[in-house]
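I have placed the structure first, in the form of C-alpha cells, so that the comments after it can refer back to it.
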There are 2 protein chains.
Amino acid sequence: MFDHCLYFNTTALARQLERVWSEAFKPFDLTPSQAFTLRAVLAKPGMLHSELAGTLRIARATATRAVDGLVARGLLERRSTKQDGRESEIHPTPAALTLKDGLNDASSKVTARLKDELGDGTFAGFVEQAKSIGSHLP
Amino acid sequence: MFDHCLYFNTTALARQLERVWSEAFKPFDLTPSQAFTLRAVLAKPGMLHSELAGTLRIARATATRAVDGLVARGLLERRSTKQDGRESEIHPTPAALTLKDGLNDASSKVTARLKDELGDGTFAGFVEQAKSIGSHLP
DNA sequence: CCCATATAGTTGCATAGCTAACCAATTGAG
DNA sequence: CTCAATTGGTTAGCTATGCAACTATATGGG
C-alpha cells in the first residue's frame, strides 16, 4: 500500500532498528537513546547541551531530558562554566567511564553483524544515501 | 561522531521526514500517523485492527490508539462483525471520504517534490534498500 | 459438552521526540 | 550605563510508539 513511500519505509525501518539496537544495549540496561547520549559525552567530556543536541540531531529540549535521565542514573553530571552563567558542561561520572569501551564494542558488534548479514556495500551505501537525503531536507 | 551508524542516520532521517510530511498534511489538520491510518482504511474500508497494524507496520496496541483518535475526530467508526465477536471492522465516515483524494494528492505532491529535489533514481533506490534491509531484520 | 488454548482487541505504563513558551544570563546599541 | 535583543537551557503539554498484562470470544481435543 505505501510500498514506494519514502516516509513510510524510512520510519518503519527506524522502528525495526530501534529494536535491534535496544537488544544490543540491553546488557548495560540502557536504551539506544541513552547509550548514544552517553557515548557522545564520553567522546567529548564537558560538551554543552546545545552541542549535544547538535551531535545527536535532536531538539535542545530532548537533550535536556536525556541528560536528566542519565544524571538520575548516576552516569552524567552537569557543571556550570565560569565564563558564561547560562551554559552548563556535561561530564561523565567514573561509573560512566567504566562503560565506555563496552558501549563502543556493543555498537561495533551489532554494526559488524548487520554488515555481514546485509552485505558491506549495501550497508555503507544506504547510510551514505540517508545522510545525503537528510542534507537536502530542512 | 556517529557518521557511519545505520541506526543513528536512519532514525535522524526519519525525524526529518516526519517534519516534511507533517507540513504536507497540515492543511487537513492531521499528523502523518493519522493521515496514513486514514489512507489505509480509505483504501480498504472494513479492515480489521490487526490488518491495519500489519499494513502500517506498528504494534496492535498502537493501531488501537490511532483508531481511537480518528473515531474521536469523527473520521472513523468501528463495527463489530457478525461472525466473530472479538473482531471489529474499521470504516471511514462520510467526512473521511471527502478527504480521500486530498490526502492522496498531498502525498503524491510531496513525493514528487522530493523525487525532483533528490533525483528520481536516488529516491527509488533508497526506498528499495530500506525495504530490503527491513526484510532482513527481526 | 467442557475446559485448555489461541486469538482480537484493549489498557497500563514507560520512553523519546517535538514545539512553544518561558527564565536567566550575556551582549551590544545608543 | 541601561535596556532591548539574543542565547543557553528548562518546562509544559502533546504525539507516537512499544511491551506486557489483561478481557472476551472462539475453537478443538477428549
Side-chain angles (χ1 to χ4, degrees), chain A residues 7-8 10-23 25-26 29-38 46-54 56-73 76 78-90 138, chain B residues 7-8 10-23 25-26 29-38 46-54 56-73 76 78-90 138:
Chain A
Y7 168 83
F8 179 78
T10 304
T11 53
L13 178 59
R15 291 192 295 272
Q16 280 182 282
L17 292 172
E18 187 78 28
R19 240 177 261 144
V20 174
W21 260 258
S22 290
E23 207 53 49
F25 292 122
K26 187 165 281 178
D29 192 30
L30 293 171
T31 62
S33 285
Q34 293 174 326
F36 277 79
T37 301
L38 206 42
M47 81 197 310
L48 304 179
H49 289 71
S50 45
E51 198 176 352
L52 178 64
L56 298 180
R57 298 213 246 144
I58 56 181
R60 280 178 310 156
T62 306
T64 294
R65 301 238 154 85
V67 172
D68 285 347
L70 292 169
V71 167
R73 293 270 305 258
L76 293 181
R78 293 182 164 105
R79 295 186 205 154
S80 42
T81 63
K82 321 284 171 189
Q83 304 83 358
D84 189 327
R86 290 169 302 182
E87 298 177 339
S88 69
E89 295 179 347
I90 313 169
Chain B
Y7 168 83
F8 179 78
T10 304
T11 54
L13 177 59
R15 292 192 294 271
Q16 280 183 281
L17 291 172
E18 187 78 27
R19 242 178 257 142
V20 174
W21 259 259
S22 289
E23 207 52 50
F25 291 123
K26 188 164 280 177
D29 192 29
L30 293 170
T31 62
S33 284
Q34 293 174 325
F36 277 80
T37 301
L38 205 43
M47 80 198 309
L48 303 178
H49 288 71
S50 45
E51 200 178 350
L52 177 64
L56 298 180
R57 299 213 245 143
I58 55 181
R60 280 177 312 154
T62 306
T64 295
R65 299 218 159 101
V67 172
D68 285 348
L70 293 169
V71 166
R73 292 269 307 257
L76 293 181
R78 292 182 165 106
R79 294 185 206 155
S80 42
T81 63
K82 321 285 171 186
Q83 303 83 359
D84 189 329
R86 290 168 302 181
E87 299 175 338
S88 68
E89 295 178 346
I90 312 167

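A, B, ... follow the sequence lines: proteins, then strands. Residue 1 opens every chain.
To the nearest angstrom, P of D/dG18 lies 15 Å from NZ of A/Lys26. In this entry the distance linking CD of A/Glu18 with C1' of D/dC19 reads 13 Å, nearest Å. One interatomic measurement links the two molecules: CD of B/Gln83 to P of D/dA24, which rounds to 22 Å at whole-angstrom precision. Between the CD atom of A/Gln16 and the P atom of D/dC19 there is a distance of 12 Å, given to the nearest Å. Between the CG atom of B/Leu56 and the C1' atom of D/dG18 there is a distance of 15 Å, given to the nearest Å. Straight-line distance from the CD atom of A/Glu87 to the P atom of C/dA24: 18 Å, rounded to whole Å. To the nearest angstrom, C1' of D/dT25 lies 5 Å from CZ of B/Arg86. Computed from coordinates, the B/Arg57 CZ to D/dG18 C1' distance equals 16 Å when rounded to whole Å.
The side chain of A/Thr62 lies closest to C/dG17, out of C/dT10, C/dG17, D/dT17. Side-chain proximity of A/Ala61 to C/dA16, D/dT11, D/dG8: nearest is D/dT11.
Of the residues near DNA chain D, A/Asp68 and B/Gln34, the one whose nearest nucleotide (by heavy atom distance) lies more toward the 5' end is A/Asp68. Nucleotides of DNA chain C nearest to A/Lys82 and A/Thr31 differ in position, and the one nearer the 5' end is that of A/Thr31. The residue among A/Ile58 and B/Asp84 whose nearest nucleotide of DNA chain C is located toward the 5' end is B/Asp84.
Taking only side-chain nitrogens and oxygens, B/Arg15 comes nearer than 4.0 Å to OP1 or OP2 of C/dG17. Residue B/Arg60 has no polar side-chain atom (N or O) positioned under 4.0 Å from OP1 or OP2 of D/dC22. Remark: B/Arg19 is in phosphate contact with C/dT19, judged by side-chain N or O atoms under 4.0 Å from OP1 or OP2. Side-chain N/O atoms of B/Ser22 include none lying less than 4.0 angstrom from OP1 or OP2 on C/dC18. Close to D/dG9, at under 4.0 Å from its OP1 or OP2, lies no side-chain N or O of A/Thr64. Distances shorter than 4.0 Å separate none of the side-chain N or O atoms of B/Arg65 from OP1 or OP2 on C/dT11.
Smallest separation of non-hydrogen atoms from A/Ala63 and A/Ala53: CB-CB, 4.0 Å. Annotation for A/Thr37 and A/Ala66: closest pair OG1-CB, 3.8 Å, computed over non-hydrogen atoms. The two atoms that bring B/His49 and B/Thr64 nearest to each other are CD2-CA, 4.3 Å, heavy atoms only.
Remark: B/Glu51 CD to B/Leu56 CG distance equals 10.5 Å, nearest 0.5 Å. With rounding to the nearest 0.5 Å, the separation of CZ in A/Arg86 from OG1 in A/Thr81 is 9.5 Å.
Listed by chain and residue number, A/Asp29, A/Leu30, A/Gln34, A/Leu75 satisfy the side chain to side chain contact (heavy atoms under 4.5 Å, CB included) test with A/Arg73 (two or more places apart in sequence, or in another chain).
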Q: Evaluate the salt bridge (charged side-chain N to carboxylate O under 4.0 Å, His left out) criterion for residues A/Arg15 and A/Glu18: first the C-alpha distance (whole Å), next the side-chain angles of each, then the deciding distance (0.1 Å), finally the verdict.
A: CA-CA 5 Å; A/Arg15 291 192 295 272; A/Glu18 187 78 28; over 6 Å; no
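Applying a 4.0 Å cut-off to non-hydrogen atoms, the residues of residues 46-53 of chain B that approach DNA chain C are B/Leu48, B/His49, B/Ser50, listed by residue number.
A/Phe36 and A/Phe25 have perpendicular rings, their planes meeting at more than 60° on a 0 to 90° scale where under 30° would count as parallel.
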